[in-house]
2 protein chains.
Amino acid sequence: MQFSKSTDYALHALVHLGHSERRHNVGIKQLSGALGVSESYLSKIMSKLRQDGIVRAVPGVNGGYELARPAEQISFLDIIEVIEGRQRMFECSNSSSQQHLLLTEAEIAEQESPKREGCLIEKVMDGAEQHLRQYLKGHTIQTILDESRKRCTHDTNKK
Amino acid sequence: MQFSKSTDYALHALVHLGHSERRHNVGIKQLSGALGVSESYLSKIMSKLRQDGIVRAVPGVNGGYELARPAEQISFLDIIEVIEGRQRMFECSNSSSQQHLLLTEAEIAEQESPKREGCLIEKVMDGAEQHLRQYLKGHTIQTILDESRKRCTHDTNKK
DNA sequence: TTATTATGGACATAACGGATCTATAATTAA
DNA sequence: TTAATTATAGATCCGTTATGTCCATAATAA
Ligand code: SF4
Ligand code: SF4
């Protein structure tokens with residue numbers, strides 16, 4: 001029940017891209033250097049992010065990556081779903097057990113309607129997941145950028 | 001990023017114990033039968049639950065398991081923490097990277113106080129986790145039992 | 001065209017989850 | 001006290017996933 005390191009890297013990479021918004025195309029070399037992760041591995045992650053339309057990539061001289069949409073439209077949820085996948089956090093595997101029948105028979109008896117409601121345990125777990133997703137959807141890369149800029153009282157562009 | 005099957009089994013087992021509240025001591029054999037999981041494996045899980053004070057176990061003839069506290073004092077969070085462990089969902093591993101320094105320097109500059117606030121990314125992820133925990137803490141085994149009994153219009157004790 | 005950069009696939013390895021088996025300890029019924 | 005019963009703990013196995021590297025290829029801009 002932990003987020004993978006890849007998710008960690010992806011988040012950091014995207015925040016980095018967010019910071020270097022003006023200068024487009026951050027190469028994998030610079031990214032890798034900034035994050036302290038090998039180029040090989042980070043490439044894989046960036047590739048995934050590209051396939052899902054989070055970043056745009058351009059090969060060739062002075063190529064690299066840039067955010068494919070404004071930072072305020074890239075939520076934590078988006079990123080996590082790309083890396084961790086979109087399966088549900090709770091997948092019950094007892095669906096053929098005696099107990100499953102007991103816990104679901106009640107609702108079948110109650111409402112014969114096609115409105116499948118799922119069992120009680122599932123309902124609680126799915127509820128939890130929805131809460132998590134909702135929160136993650138409400139925080140974007142821009143959130144980080146804003147907070148970061150707010151904290152830094154002396155202007156950010158030293159150069 | 002999925003809950004393990006063990007968690008699944010633990011939840012089901014405890015709901016089962018909750019149902020058989022009056023008749024104490026449900027043996028591993030009955031439990032295993034009801035859930036459709038091997039005795040060997042389920043034993044391990046029950047053992048863990050006992051070590052953490054969720055259930056009580058008594059060996060010997062007619063022995064078995066029973067809830068160690070009232071069902072309304074056993075939250076989903078309790079159970080999940082026993083099985084999945086208590087580590088945080090997001091453990092950053094870039095703590096020595098350039099970027100880490102950049103993202104944390106601002107706050108160090110701002111408030112020199114010992115009030116360590118953690119970085120922005122961490123803050124969002126931890127926030128998400130707290131939301132999840134809060135929700136899971138608010139739902140107990142009794143929640144399931146109540147709902148189950150409510151749905152079953154014809155009385156539960158057929159025997 | 002050429003240097004540069006991303007991409008994808010093939011591997012390698014380690015860690016973890018899921019699961020089984022067995023020997024041992026504890027308890028109760030007889 | 002004895003014997004049957006039941007939980008406990010450790011060893012071990014296997015398959016999958018996570019993490020990570022390497023290399024050949026494709027795409028692009030200068
Ligand atoms: S969680 Fe609910 S639906 Fe899933 S196996 Fe258990 S009782 Fe059935
Ligand atoms: S998440 Fe924050 S604290 Fe952790 S490594 Fe990244 S910047 Fe540092």
Checklist entry - Would you say S4(A) reaches dT17(D)'s phosphate, i.e. side-chain N/O to OP1/OP2 under 4.0 Å? => result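 False: S4(A) side-chain N/O out of range (4.0 Å or more) of dT17(D) OP1/OP2.
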
Checklist entry - When you check the phosphate oxygens OP1 and OP2 of dC13(D), does a side-chain N or O of Y41(B) lie under 4.0 Å from one of them? => result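 So the side chain of Y41(B) is outside the cut-off, no N or O lying under 4.0 Å from OP1 or OP2 of dC13(D).
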
Gap between atoms [atom1] and [atom2], on [X] and [N] respectively (whole Å):
| X | N | atom1 | atom2 | answer |
| --- | --- | --- | --- | --- |
| I28(A) | dC22(D) | CD1 | P | 15 Å |
| Y65(B) | dT27(C) | OH | P | 14 Å |
| Q30(B) | dA7(D) | CD | C1' | 14 Å |
| Q87(B) | dA15(C) | CD | P | 16 Å |
| N25(B) | dT5(D) | CG | C1' | 13 Å |
| E39(A) | dT4(C) | CD | C1' | 12 Å |
| K29(A) | dT7(C) | NZ | C1' | 16 Å |
| L31(B) | dT5(D) | CG | P | 19 Å |

Checklist entry - Is there a side-chain contact between C119(A) and H100(A) (heavy atoms, below 4.5 Å)? => result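 In short, these two side chains do not touch, never coming nearer than 4.5 Å.
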
Hey, does the side chain of [X] reach the backbone of [Y] with a donor-acceptor pair shorter than 3.5 angstrom?
| X | Y | answer |
| --- | --- | --- |
| S75(A) | T140(A) | no |
| H131(A) | G127(A) | no |
| Q99(A) | H12(B) | yes |

Item to check | Residue mapping more 5' on DNA chain D - nearest nucleotide basis, F3(A) or N62(A) | outcome: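 Nearest-nucleotide comparison on DNA chain D picks F3(A).
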
Item to check | For DNA chain C, the residues among residues 44-56 of chain B that have a non-hydrogen atom under 4.0 Å from it | outcome: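 Nucleic-acid contacts, sorted: K44(B).
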
Of all the choices, [options], which nucleotide is nearest to the side chain of [X] once you look at every atom?
| X | options | value |
| --- | --- | --- |
| V61(A) | dA6(C), dG18(C), dA29(D) | dA29(D) |
| S40(A) | dG20(D), dT21(D), dA7(D) | dT21(D) |
| A57(A) | dT27(C), dA6(C), dA29(C) | dA6(C) |
| S38(A) | dT7(C), dT21(D), dA19(C) | dT21(D) |

Which heavy atom in [X] sits nearest to a heavy atom in [Y], and how many Å separate them?
| X | Y | answer |
| --- | --- | --- |
| K5(B) | S93(A) | CD-OG, 4.0 Å |
| N94(A) | D8(B) | OD1-OD1, 3.2 Å |
| N62(B) | N25(B) | O-ND2, 3.5 Å |

Next on the checklist: On DNA chain C, compare the nucleotides closest to E84(B) and L42(B); which residue's is nearer the 5' end?
Outcome noted: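 That would be E84(B).
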
Next on the checklist: Taking any heavy-atom pair under 4.0 Å as a contact, classify Y9(B): base, sugar-phosphate, or nothing.
Outcome noted: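 Counting heavy atoms under 4.0 Å across all strands, the contact made by Y9(B) is with sugar-phosphate only.
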
